There are 2 protein chains.
Amino acid sequence: MSSPFYNSHHSPIGAFATLTIGQKGQTGGLGLELPGPANEGIYVGVEDSEGGRYRALPFFQSSEGRAEDFDVEGLAEFSRSPAIDQFRGEEIERTMGAGIDEWRARDLTFRLISPLRPVPDPDVCEVDALRDAVTPAILAEITVDNRRGGKARRAFFGYQGSDRTVGMRLIDEEGLVGVAQHTTTAIATDDPGVYAGIAFQAEKILQPDCAENLAFLVGNLGLLVGTVQPGEIRTFRFAIGFFREGTATTGLKTRYLYRRFFDSIEEVLRHALARFDTVCRESEGFDARLRRRLSPDRAWMAAQAIRSYFGSTQLLEREDGRPLWVVNEGEYRMMNTFDLTVDQAFFELALNPWTVRNVLDLFVERYSYIDEVRFPGSDESHPGGLAFTHDMGVANAFSRPGYSGYEQSRLNGCFSYMSAEELMNWVLTAGLYDAYTHDFAWAVSQRATFLAALTSLINRDDPDPAARNGVIGLDGARCEGGKEITTYDSLDASLGQARNSLYLAVKGWATYVLLENVLRRLDEPEAADDARVQADRAVRTIAAAADADGLLPAVIGEGIEARTIPAIEALVYPFVLGLPIDPELKKTLGRHLEAVLRPGICKFADGGWKLSSMSRNSWLSKIYLCQFVAERVFGHAPDTEADGAHAGWLRSEENAYYAWSDQMLAGRAVGSRYYPRGVTSVLWIAEGDRPLDQVRELLVGVGAVV
Amino acid sequence: MSSPFYNSHHSPIGAFATLTIGQKGQTGGLGLELPGPANEGIYVGVEDSEGGRYRALPFFQSSEGRAEDFDVEGLAEFSRSPAIDQFRGEEIERTMGAGIDEWRARDLTFRLISPLRPVPDPDVCEVDALRDAVTPAILAEITVDNRRGGKARRAFFGYQGSDRTVGMRLIDEEGLVGVAQHTTTAIATDDPGVYAGIAFQAEKILQPDCAENLAFLVGNLGLLVGTVQPGEIRTFRFAIGFFREGTATTGLKTRYLYRRFFDSIEEVLRHALARFDTVCRESEGFDARLRRRLSPDRAWMAAQAIRSYFGSTQLLEREDGRPLWVVNEGEYRMMNTFDLTVDQAFFELALNPWTVRNVLDLFVERYSYIDEVRFPGSDESHPGGLAFTHDMGVANAFSRPGYSGYEQSRLNGCFSYMSAEELMNWVLTAGLYDAYTHDFAWAVSQRATFLAALTSLINRDDPDPAARNGVIGLDGARCEGGKEITTYDSLDASLGQARNSLYLAVKGWATYVLLENVLRRLDEPEAADDARVQADRAVRTIAAAADADGLLPAVIGEGIEARTIPAIEALVYPFVLGLPIDPELKKTLGRHLEAVLRPGICKFADGGWKLSSMSRNSWLSKIYLCQFVAERVFGHAPDTEADGAHAGWLRSEENAYYAWSDQMLAGRAVGSRYYPRGVTSVLWIAEGDRPLDQVRELLVGVGAVV
């Protein structure tokens, strides 16, 4: 059996918040807007049946606390002997879904319940539904089975707040008892049988000298403690809240949208506790659907990925009251990185399509720009056109209009511009939104954007119409002589270079296909025809690039002979919308796929997929996408050996700290850690003819209210 | 010459904020509400005359930045070769006063200017005066002498923000350019010749590829860069701002008072820059007075102490608009710890006496309690009376009414109750305030408090009037069998125990003397007589405790024969108010002092003062107080050897990180580090008959507006 000790997010929706827990040691905690785990101790445990000693899950480092900073010569005899042992690893079992994460050790059960539901469109939904969806809290339960016990036993739950600017405090109000750090994080219950305390040591709270000593604000550990009588099974319920009160972001000033409903973390906690049963039921239903539909490895990876996604979500409100949806980029915290948005769109469209539209609109409004283009090595600029930025800023700082926080000129690799790919990403995401939601009014409102995108794409192929081959052939002038890159920004030229990239050639083809689709419905036949022409050119260019064995080069016509799996990736877009895939292209890519999946080319020794034959760098979110295409477009059987290898990477001791991570260097998470993009995995669910509808059924259940 | 490389605070008043800088390495930074230095890199430097290479003060760790987290295989060639050398230690000179901290290295001069002025009483003062006093910013100047240079040279100033929740950003507004971390910290200038940038590496900002690349929000380093033409001396001026927008404290909800005047850090920066000349002039004047009046060692210690004090100050506003003054307790961040308040009162009374009254009022309103008292070893309670808490909370969390964040029952040492000493501290602080300000209306308003304090003090002596000896003989019932302690909480019984403590016996005597003084003016002759009787009893008890050599025991009648310097400490209270000191007490303590200052008793080998013969633990703030008493009351010559030793402790490499620290274990700062209490040093200034007036003249200058 694989180890249960890996970190997972447990997050409200849109609060950029997480209780991360699972890896052994002080590696989790209540994190608000962080690039990684908070690294604070979490205490979950129960008194032994003999009394006076305790056992706890292994999520803290035992310590004498900080008393020695005050009592430098140790004269006070203030410290208690340690009385808490951690459960041994083999005593602990874990069952983790996307909604419920359940830990069992002897007669203790600890359940963490994360909300899993769509966020309704704030502009049209009922106030209550919005409030319930964005309440910045998760839930927890501790159950102790003391039916065979002869003594009352204490159970406890708490944390050591790690915010360096503020101390721990108690919450002690009518009907609410808890521990908190300032206004920002808290754990509380409405159970009248539970008391709270603050100390350096858990032992001081579990066996206090007297009630007055429980408010030792010098301490940094807060615990909630309840008692289970002999002969009973007792469950204690908790809410874990997060709250950011003031300005959430700079550059574009916002606050969290939940501030419409809550003025304090205490209000958040009360509301979350009042909805305990509903949230539990929804999350259990989600997990049941997930398990029914996927293999254990896939269900586990999808659950981890969904958790990491929600931990990165941030629903904001602009000063004029308009909602603003952000997905932060994991450890990098770039905001709405477009090459993540496009991959997460399958999940978001099924769950709450308005967030996709919201991001597209902000890209048009603030994060688009007009650029010229240049041939490599040339200073001469040619007409280009519309492009979009890589992201909207970093770590709660929105970048200035027209610029990302990431892109830099005069580079050939990481941190260069992604103009062409982000342009495709806008069209693809918009095309998915349009075709899936049938929000024709929105498509009409973006008519000019679609048309400008087409022009810009064509200009980026070649200034000479006669020389166009359907593939990006120039770099943006903003590169100032550098080269545009792709989302594979830290990969070598096989996937990292934009110009003549096979990966982008197919993505460009799909972009033209989706453009044609929307332009016809917008009654723009000439433009639609232009898109069709370009799509067909791309097919011919790609087909002509195959060698005798059917293998395609990673970069067309530039002598880079690496072999890449993501050549097939972009077939996902027409496929999920039921648009036809060009037979020649399908055949060409099918032969390529067969070839690269042979041993020694695009496989690691453990059977995991290797996106490029030339690199040990692989991205799991992209592997998931390509698996979907391989299975659904090309009829491959699910590669269960690969699934096992991929899940093994994520679970391995060296990677378990980062919850779900994307970029794996020979199985080691080296970048894009603690990352949201793994929700491409939900496509695995889609076995029927209308894939996104199937994803939607998984996510929201049959008959669920949206 | 002693090393210039020690950390110092550079702080606005009442913002709980500091730019800490001075020790080599990445050990300073812009700290808001922190228990120690922010540990972030500070960049101050200038281009060499040859161009292309730079020299900087040694306040950062050179690094390649975090690019490798993104570009895991290092394909991007993104990093620049390091081009910044740190000045060698011997090239650097520093002149530090309380207001100006000036660094010189070759032709670079860097000045940090901290505001030094009273905070006017918010209830009665002009709005402008209040705003100017509490503007949460300090100032800086970089001057480059390029008169002999043949090339334009760049000068720079910036920092690597260390707040884990948010990223760095640029400020680029009409007339203001700067770098900031979210809404909370920033450096900016109104100099139109300066540009700003963000990057992983300073080199990227100093020599940018192009202007667009300067907004690399992924980076964590922000720099401001100006150019000095050949042949000119040029000075660039900066403001360094701090801003906490929302709820400042919990328990008792407040915001920073400066929020009345400023809605953003940008507004703070603009206002600070507009007042540059005035603030500079005030701070220069302060430093000149300090240097004129004190020896170099004493002036240096006072300057360090004043800086650390201001870094701990926090001027808040309650929800009803009332101001609330807090001094945080250095690394412990306990709020208005009363045994610090009393020691800092000399400084605060001279500077802005309303803050003393403000704290006293909140102690009465919220942090007083009624307790009974017990003899050691007995469970029987006797009438006690009024007492005050040790503090008002910890790290922005106010404790509940009637309780500190620190005190715990059933203890005999550190973290036990300080009821008796804090009761004395209220009376002494109130007595100082009353007598110094002649705010008779306030004294009248506190008539009941003074009377209750007297009753409580007498009850803590002995329940049997016949057995009273003027000294605390019982412990508070809240101790529940434990022992009350003193401010020397981590010292052994020689100074740590409250009951029968010689230190507290003299402090109690002073308390009765000040009580008698105020009660007579309040026309409470009977109570005043009672206070006088108790004072006289204390004198007899103390005098009778002397041995044949004139040495007094640290604890009277309990067989603890340690010898302590702080026996004399409390003479300061009547002395500074011009109240008579009982001749017998003066004689007794004078003989004791002569005896303990002989070699081998209360001196360290280096000549530093050792507060207790039994312990290596010494508190500098208390040494300063006792030096004042020794010199002014007993006519000792200033102990310049001791001054040198004490300054040496603070400057030593192992202590230099913590700026001014109080508790020294054989010269090593082991507790009470980064601490505000050293402002007792300003009493050194007081050579005339009206000591506090002299302190006031030092602090605010002649003719200064208050």
Side-chain angles (χ1 to χ4, degrees), chain A residues 32-35 67 69-73 75-78 164-169 180 182-183 209-210 212-213 215-218 245-247 250-251 331-334 393-397 399-400 403 405-406 408-415 478 480 489-492 496 617 663 665 670-671, chain B residues 32-35 67 69-73 75-78 164-169 180 182-183 209-210 212-213 215-218 245-247 250-251 331-334 393-397 399-400 403 405-406 408-415 478 480 489-492 496 617 663 665 670-671:
Chain A
L32 186 55
E33 305 172 334
L34 299 186
D69 286 343
F70 294 76
D71 179 28
V72 299
E73 295 193 284
L75 302 165
E77 301 180 18
F78 184 69
R164 65 182 186 166
T165 62
V166 283
M168 296 292 291
R169 66 182 175 99
H182 201 58
T183 56
D209 302 304
C210 58
E212 284 74 19
N213 282 1
F216 184 58
L217 299 187
V218 175
E245 178 189 36
T247 301
T250 55
E331 66 167 318
Y332 307 132
R333 293 187 293 183
M334 284 180 275
V394 185
N396 293 342
S399 52
R400 65 202 191 283
Y403 287 89
Y406 167 102
Q408 300 270 287
S409 61
R410 308 193 190 184
L411 293 176
N412 293 308
C414 195
F415 306 118
R478 277 200 181 181
E480 299 193 15
D489 58 0
S490 54
L491 199 45
D492 60 49
N617 245 330
Q663 188 184 355
L665 190 74
V670 290
Chain B
L32 187 54
E33 306 173 335
L34 298 185
D69 288 343
F70 294 77
D71 178 29
V72 301
E73 295 192 286
L75 301 165
E77 302 181 17
F78 184 69
R164 65 181 187 167
T165 63
V166 283
M168 296 292 290
R169 67 181 173 99
H182 201 59
T183 57
D209 301 304
C210 58
E212 284 72 20
N213 282 2
F216 184 57
L217 300 186
V218 175
E245 177 191 37
T247 300
T250 57
E331 65 168 318
Y332 307 132
R333 292 187 294 183
M334 286 181 274
V394 184
N396 293 343
S399 51
R400 66 202 191 284
Y403 287 88
Y406 167 100
Q408 299 270 286
S409 61
R410 307 194 191 183
L411 293 176
N412 293 308
C414 195
F415 304 119
R478 277 199 181 182
E480 299 194 15
D489 59 359
S490 53
L491 200 46
D492 60 50
N617 244 332
Q663 188 183 355
L665 190 74
V670 289

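Heavy atoms only: backbone and side chains are in, while hydrogens, waters and symmetry mates are out. This structure is a prediction, so every number in the text was calculated from the model and none was measured. In what follows, every chain begins at residue 1, and chains take the letters A, B, ... in the order their sequences are listed.
The shortest non-hydrogen separation linking A:Thr165 to B:Leu32 is CG2-O, 3.6 Å. The minimum heavy-atom distance between A:Asn213 and B:Gln408, with the atom names listed, is O-NE2, 3.0 Å. In this structure, B:Val218 and A:Phe415 approach most closely via the heavy-atom pair CG1-CE2, 4.5 Å. When all heavy atoms are compared, the tightest approach of A:Met168 to B:Ala397 is O-CB, 4.1 Å.
With a 4.5 angstrom heavy-atom cutoff, A:Phe216 touches chain B via backbone and side-chain atoms both. In this structure, chain A has a heavy atom under 4.5 Å from the side chain of B:Tyr403, while its backbone stays farther away. With a 4.5 Å cut-off on non-hydrogen atoms, A:Arg333 touches chain B through its side chain but not through its backbone. Using a 4.5 Å cut-off between heavy atoms, A:Arg164 touches chain B through backbone and side chain atoms alike.
In this structure, CZ on A:Arg410 lies 5.5 Å from CG on B:Asp209, to the nearest 0.5 angstrom.
Side-chain contact between B:His182 and A:Asn396 is present, with heavy atoms from C-beta onward closer than 4.5 Å. B:Thr250 has its side chain within reach of A:Thr183: a pair of non-hydrogen atoms, C-beta onward, lies under 4.5 Å apart.
The residue among B:Ser399, B:Gly496, B:Gly167, B:Ala395 with the most heavy atom pairs within less than 4.5 Å of chain A is B:Ala395.
Residues passing the salt bridge (Lys or Arg N to Asp or Glu O under 4.0 Å) test with A:Glu212: none are found, sequence neighbours excluded.
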